[in-house]
Amino acid sequence: MKKIDKKRLFERLNNLIKDYVVYAPKGKDFGKIEDTSEIKRESINVRLSPKQVFLPQEEALFTFKQGDIKVPENNEKYILFGIRPCDAKAIALLDKNFDTKDFPDPYYIDRRKNSILIAEACIEPESTCFCTAFGSGPFESKDADALIIDRGDYYLIDGNEKALSLFDGLLEDDGGEKILELKKKAEDSIKSPVVEGIDKKLSSMIDDPIWDEVSRKCITCGACTYLCPTCYCFDIQDVGKDDKYMRERVWDSCMFTVYTLEASGHNPRKEKEKRMRQRVMHKFNYYPFLYDEYGCVGCGRCIKYCPVNVDIRKIITKIMEV
Amino acid sequence: MADKIVENIRKEAKRILEEKIVDIVIGFEKGTLPYTASPVFIENPDDVDKLIWNRYCHNNLAVYLRNFPDKKIGIIVKGCDSRSIVALMAEKQLTRENIYIIGVPCEGMLDKNKLLEEFGDNPPIEVKEEFLYPSCQYCEHKNPVIYDFLTGEPVQEKEEEPYPDVVEFEKKTLDERWKYFQEEASKCIRCYACRQACPMCYCEECFVDTNSPKWLDPGIDLPDLQVWHIIRAYHQAGRCVDCGACERACPMDIKILWLTRKLNKDVRDLFEFEIGIDPEKVPPLGTFSLYDKEEFLI
Ligand code: SF4
Ligand code: SF4
Ligand code: SF4
Ligand code: SF4
Ligand code: SF4
């Protein structure tokens, strides 16, 4: 591990803004910054997650006008500064879905391959955090290019060559500082539900009455899925704006009634229990089936921002009790 | 007093379930976060002890009434929620006989975000008026307007002008008002939590969801966001009960209540109409009169 002076790190980051698009916590949300003085945290984790960088809520796949079709090019390089370990893991999960052998998604991959993820350890996790349930943790470094740990005037930093080279000349010896205790304290403060085996269990629960029970209070909005760092559903629509016509990709959510509405008028998931089941199944059964990992990283956003306090931890616990 | 209300709620819920007056009771249970209560659905009389009442029971439970078309429903309501029931009756969305209303005189709900900011996770003992949600600060129907059972003594109603915020806002210049609206609308992520939380947004198909015709493009271009906000609000003119459930549901903390409140005030001033008082009176948007005021026409 190395040590880096905060002031000097921010100066360097400011210089890097010339060559990179830099995203960082900006108050409540995560967003693009023009200057490091905009970096500000209002809560442990940001509300709008970093997925917006690689999967923006709205993007043109191509524009067209009188037979002339243009695919937008993107050669930007990105630095995502100060994301949390759970969100770094969420990006690793998005990679599995978009950077596949059979159907690589060029739009996602173009942005993602030119990105550097700098995660910041959570010294004091929030009461809604449960990342430890999924083999990750508040000091997990494996999904980011670098992990920084806030020590007041300086950060401790560890990472790969790609990330550390950004800070060439600024890295000092860490003087043998130990972080084990800090890490343990953060991990111990997290109360995670037990999830082991939930994927297998769910395989036989498609018709279980539990879905009606756990979805009753849900008002089927898109808050949980739009804020979720691993949810990636989108819709594709043709749009005309001014005299520009384009095929767009926009976020969509399985919690919406129209998500599965078919042209015939039939809707296989008209009832909200089926939609809640989809959301839970996707994260805890289909994802493990496809990619050998849970599709939830325990960031707690869906818990914090649900208007009616649907708590995914409670749903997990209920499933485990069946 | 809250304890007495909880006791009365539980007793009455148990009675109506046991006597099979209703099949299900919609109320609140303890939430999983600080300053949070959460909607709960009780079918077994032995489960009534889950029911609670406190200053965090802010959701408008009337939104769930349409979820149980074949059931007799018991519902616990504050003043605003009871007005939603009346409004839904006026629009023929509910049959009075199918619902049993347990009314709670309400002292106003406390703003979770303000409390978190001020007190962190340690709830204060005394709370001031300024910690109430905006809708509760202006509320002039704290007592349920319709009920089968009342859980406590009625509370004092406010007598002042109910729209002081709108009166203030109207004094701003057009540019200032437009700028404020743009700033708020620009934060929208179109999750539709506001729509879903509202008992009056019951359309089978919302205008934003139709694609033939397509009224609105998807995505978060500012003009699209503005159209969404304007039309949602307009569809609520004189139908909205000012409960504030929409604004509280918004994960992006967008101020939207002022828009519907402005329209409600206009409807009050132009048509002498207030929603959610008389189930026999149809809101102006749902009716037509040759004598409608048309001063805005030139
Ligand atoms: S945020 Fe809550 S109410 Fe909205 S869809 Fe998700 S679980 Fe349901
Ligand atoms: S499901 Fe909830 S806790 Fe899990 S990653 Fe998504 S928002 Fe975070
Ligand atoms: S949970 Fe729903 S919205 Fe999220 S990725 Fe899965 S299907 Fe899409
Ligand atoms: S628009 Fe908002 S304030 Fe009005 S009734 Fe609906 S939820 Fe309540
Ligand atoms: S709840 Fe808020 S973010 Fe969601 S659609 Fe309504 S105004 Fe927009």
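Computed from a prediction, not measured in an experiment: that's the story for all the values here. Lettering of chains follows the sequences in order, A, B, ..., and the numbering in each one begins at 1.
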### Task
Might you work through the side-chain contact (heavy atoms from CB on, under 4.5 Å) test for A:Lys28 and B:Asp253, ending with a clear yes or no?
CA-CA 10 Å; A:Lys28 268 209 150 161; B:Asp253 300 325; 2.7 Å; yes

### Query
Would B:Lys187 and A:Asp29 satisfy salt bridge (charged side-chain N to carboxylate O under 4.0 Å, His left out), going step by step from the backbone distance to the final call?
CA-CA 11 Å; B:Lys187 295 185 251 171; A:Asp29 295 309; over 6 Å; no

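In terms of heavy-atom pairs under 4.5 angstrom with chain B, the leader among A:Val239, A:Asp252, A:Leu261 is A:Val239. If you tally non-hydrogen atom pairs under 4.5 Å between each of B:Cys250, B:Pro34, B:Pro223, B:Pro218 and chain A, the highest count goes to B:Pro218. Taking chain A as the reference chain and counting heavy-atom pairs below 4.5 Å, the highest number among B:Asp221, B:Asp209, B:Leu61, B:Asp224 is found for B:Asp221. Among the candidates B:Glu205, B:Arg195, B:Glu43, the residue making the largest number of heavy-atom pairs closer than 4.5 Å to chain A is B:Glu43.
Neither the backbone nor the side chain of B:Leu216 comes within contact range of chain A, judged by heavy atoms closer than 4.5 Å. Heavy atoms of A:Arg249 lying under 4.5 Å from chain B are absent altogether. Using a 4.5 Å cut-off between heavy atoms, B:Phe28 makes no contact with chain A at all. Contacts between B:Glu117 and chain A at a heavy-atom distance below 4.5 Å are absent for every atom of the residue. Within the 4.5 angstrom heavy-atom criterion, only side-chain atoms of A:Leu48, from C-beta onward, approach chain B. Both the backbone and the side chain of A:Arg216 come within contact range of chain B, each with at least one heavy atom under 4.5 Å from a heavy atom of that chain. Contacts of A:Val308 with chain B are made by both backbone and side-chain atoms, with heavy-atom separations under 4.5 Å. Neither the backbone nor the side chain of A:Thr257 comes within contact range of chain B; no heavy atoms are under 4.5 Å apart. There is no contact between A:Ser253 and chain B, counting heavy-atom distances below 4.5 Å.
By the 6.0 Å contact criterion, OH on B:Tyr202 is enclosed, its count of non-hydrogen atoms from other residues, nucleotides or ligands being greater than 12. No more than 12 heavy-atom neighbours from other residues, nucleotides or ligands sit within 6.0 angstrom of CD on A:Glu73. When the shell of 6.0 Å around NZ of A:Lys318 is examined, it contains more than 12 heavy atoms from other residues, nucleotides or ligands. Heavy-atom contacts from other residues, nucleotides or ligands closer than 6.0 Å to CD of A:Glu124 number 12 or fewer.
Of all non-hydrogen atoms in B:Pro251 and A:Ala223, the two that sit nearest each other are CG-CB, 4.0 Å. Contact between B:Asp217 and A:Gly240 at its shortest, heavy atoms only, is OD2-O, 3.7 Å. For the residue pair A:Asp238 and B:Lys214, the shortest heavy atom distance occurs at O-NZ, 3.0 Å.
When atom types are taken as modelled, the side chain of A:Asn309 and the backbone of B:Thr36 share no donor-acceptor pair closer than 3.5 angstrom. Between the A:Gln57 side chain and the B:Ile189 main chain, a donor and an acceptor come within less than 3.5 Å of each other. A donor-acceptor pair is defined here as one N or O able to donate and one able to accept, closer than 3.5 Å; such a pair exists between the side chain of B:Gln196 and the backbone of A:Thr220. A donor-acceptor contact shorter than 3.5 Å is absent between the side chain of A:Lys217 and the backbone of B:Val40.
Close approach to chain B, defined as a heavy atom under 4.5 Å from one of its heavy atoms, is seen in A:Lys270, A:Lys272 of residues 265-272 of chain A, taken by number.
A:Asp235 is linked by a salt bridge (charged side-chain N to carboxylate O under 4.0 Å, His left out) to nothing, counting only residues two or more places apart in sequence or in another chain. Every residue two or more places apart in sequence or in another chain that forms a salt bridge (charged side-chain N to carboxylate O under 4.0 Å, His left out) with A:Glu248 is listed here: A:Lys241. Under the ring pair (Phe, Tyr, Trp, His ring centres under 6.0 Å) criterion, B:Tyr192 pairs with A:Phe256, B:Trp228, sequence neighbours left out.
For the pair B:Arg190 and A:Glu58, the salt-bridge criterion is not met [side-chain N within less than 4.0 Å of a carboxylate O].
The shortest distance between side-chain heavy atoms of B:Met252 and A:Arg47 falls below 4.5 Å.
In this structure, CD1 in A:Ile219 is found 10.5 Å from CG in B:Asn67, a value given to the nearest 0.5 Å. To the nearest 0.5 Å, atoms SG (B:Cys191) and CG (A:Leu227) are separated by 7.5 Å.
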